[in-house]
Structures are given as structure tokens and as C-alpha cells.
Amino acid sequence: FERTPSGKSELLVAAVDGAVITGQLRITKAAGLNVIGITVVPVALGYAFGAEIAPAGKVISLIYMGRRTTDISVFKDGQLRFCRQISVGGENLTDALVGVITTAKGTIELDRKGAEEYKKNTGVTAPEIQPLARPFLELMEAEIHRSFDFYKTQYGEEPVDIIYLTGGSSRLPGFPEYLSSQLGIPVETPAPFGAVQISSTLKGRDILERESFYMSAAIGAALSKGEDINLLPPEIRYRTKFLMAKLTEPRNMAVIFLI
């Protein structure tokens, strides 16, 4: 809930099918975890990238690019103003690359596993990939552009100042640069550890930092502690709060984010 300078009230609302919640709770229970909150990707990202969305007066977009979906969120003054999910993700490009590709060294045939590796190693702007990648790239660009245009029309705000790209598929070589050149907006890929301190003695710290883009929404969900948007049923939410109040060192707690 937020009251604007004009006196209007703005509400941020989220809803989900109860069967989805039940399914997620069944999984976490089997894993031995106590769920303290269920949130959505845009809210989780706001916590993971709190420093990036904080600058006053700036319109900032966080784009979470997953396997089959991409979440486009717009923040201003640190507050979520707009969000939209599109059914396009990194696997769409993988699917497009399955088959025969002609390279400078000849033709190669890629199965799905080979297409995934080739995509990660070569990037989206390699000459042999471009003809197959073009529909995917143009669709992503068009959907992001359409989302920003709708935001500006709906809120009468200034254009987006910068895009922060995250999610596993955001690591495609050449993709941030392509988006920036086509949209005319700076695109960066910051690590989601701004609000998290990682022990220097942690085993596998280098792997964690390298793969952090896959975990940005999960990190943000944990930082939210079930605050703001929380889709956990009230009876479970209050029972969990009571349990946490009784424990001096709560353990095995989890916050789920829904895609």
C-alpha cells in the first residue's frame, strides 16, 4: 500500500491458484523446511537488487530471464511500479538451435544438449547462430519495448534509465549488448549479492559468485523474510511466526518465490 503525492492510494496485489501453493508446501515439507513466506519474482528481485533500484527519481527495470519465462519489472524511487511476465526464455533459443548449423569449419548437427552448450559458449551474435537466433532476439526486444511503452502510457513517467538483467539466461554472451543497442538503454548484469555478505572461508565461494545469476530471485526471496507480498495461507503464516518467536536460533526456514 502506498499513498501518492496527489493523495491517491496505490495497492500492489498478487494472487495464485491455491493448488500451486499446496504443491509447493508439499515439496518443502518433504525437504524438511518450514516455509515463512511465498512471494513473487518482482518483489524478490527488489530485495536482491535494493541498492540498484534505490536512486531517487530514476526509472529502473529489472529483467529476470529464466528458462521458459521472462519477468519484466519497472521500479521508481525503489518502489515496484509495473511488472509483466512473458512466455519467452532461454530454452526458446535452445530449441531454435537444435538441428544442423553451418559454421566456418563446416556443418555440425546439434541435439538439445549440444545446442544448450553451443549457445552458452558461442553467444547470440555469432554469424552461424544469428539466422536461427533472430526470431528469438526480435521477440524479446519487441516484448520489452512494448512493456516499457505501456508503463510510460499508464503512468506518464519518464523513460527507463537503465536495465539490470539477471536470471540464468541473462548470461548469454552478447545478449546484454544486443538489448542495449536495440533499445537505446544501458544494460548491466550486476551480481545479486549487494545486500549479502559471503564468508571468505566458504567452500566453493568462487562457484557461488559465478553462478549467482541463477539464484537472484531465490536470494531476494530469502532477504524478504516473507514480508510485503506473502501468499502463504494465514493459518500457516501465523503458526510459523509463533514458532520463530519461540526459537532463539530459527533453522531450516525458507521463503518460496513463484514463477
Salt-bridged, [X] to [Y], with N to O below 4.0 Å?
X: Asp149; Y: Lys152; answer: yes
X: Glu116; Y: Arg112; answer: no
X: Lys58; Y: Glu158; answer: no

*Taking only residues two or more places apart in sequence or in another chain, which ones pass salt bridge (Lys or Arg N to Asp or Glu O under 4.0 Å) with Glu138?*
none
_Under the rule for ring-ring contact (aromatic ring centres under 6.0 Å, His included), what residues qualify as partners of Tyr151, not counting sequence neighbours?_
Tyr155
*Sub-4.5 Å side-chain heavy-atom contact between Ile60 and Val74*: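 Heavy-atom side-chain distance check fails, nothing below 4.5 Å.
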*Taking the side chain as C-beta and beyond, is there a heavy-atom pair between Leu232 and Val35 under 4.5 Å?*
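Yes, at least one pair of side-chain atoms sits under 4.5 Å.
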*Measure the OG1-CD1 distance between Thr102 and Ile108 for me, rounded to the nearest 0.5 Å.*
9.0 Å
*According to a 4.5 Å side-chain heavy-atom criterion applied to Ile, Leu, Val, Met, Phe, Trp and Tyr, with indirect links allowed, do Ile27 and Val40 form part of one hydrophobic cluster?*
no
*asked:* Would Phe175 and Met140 count as a side chain to side chain contact (heavy atoms under 4.5 Å, CB included) here? Give the steps.
replied: CA-CA 10 Å; Phe175 185 63; Met140 285 295 298; 4.2 Å; yes
Check: residues 160-174 side-chain donor-acceptor pairs under 3.5 Å, at least two apart:
unit_1 : atom_1 : unit_2 : atom_2 : d
Asp161 : OD2    : Val59  : N      : 2.8
Thr166 : OG1    : Ser216 : OG     : 2.8
Ser169 : OG     : Gly66  : O      : 3.1
Ser169 : OG     : Gly90  : N      : 3.4
Ser170 : OG     : Gly167 : O      : 2.5

*Taking atom types as modelled, is there a side-chain donor on Glu128 or Tyr118 under 3.5 Å from an acceptor on the other?*
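Their side chains do contain a donor-acceptor pair, which is all the 3.5 Å distance test asks for.
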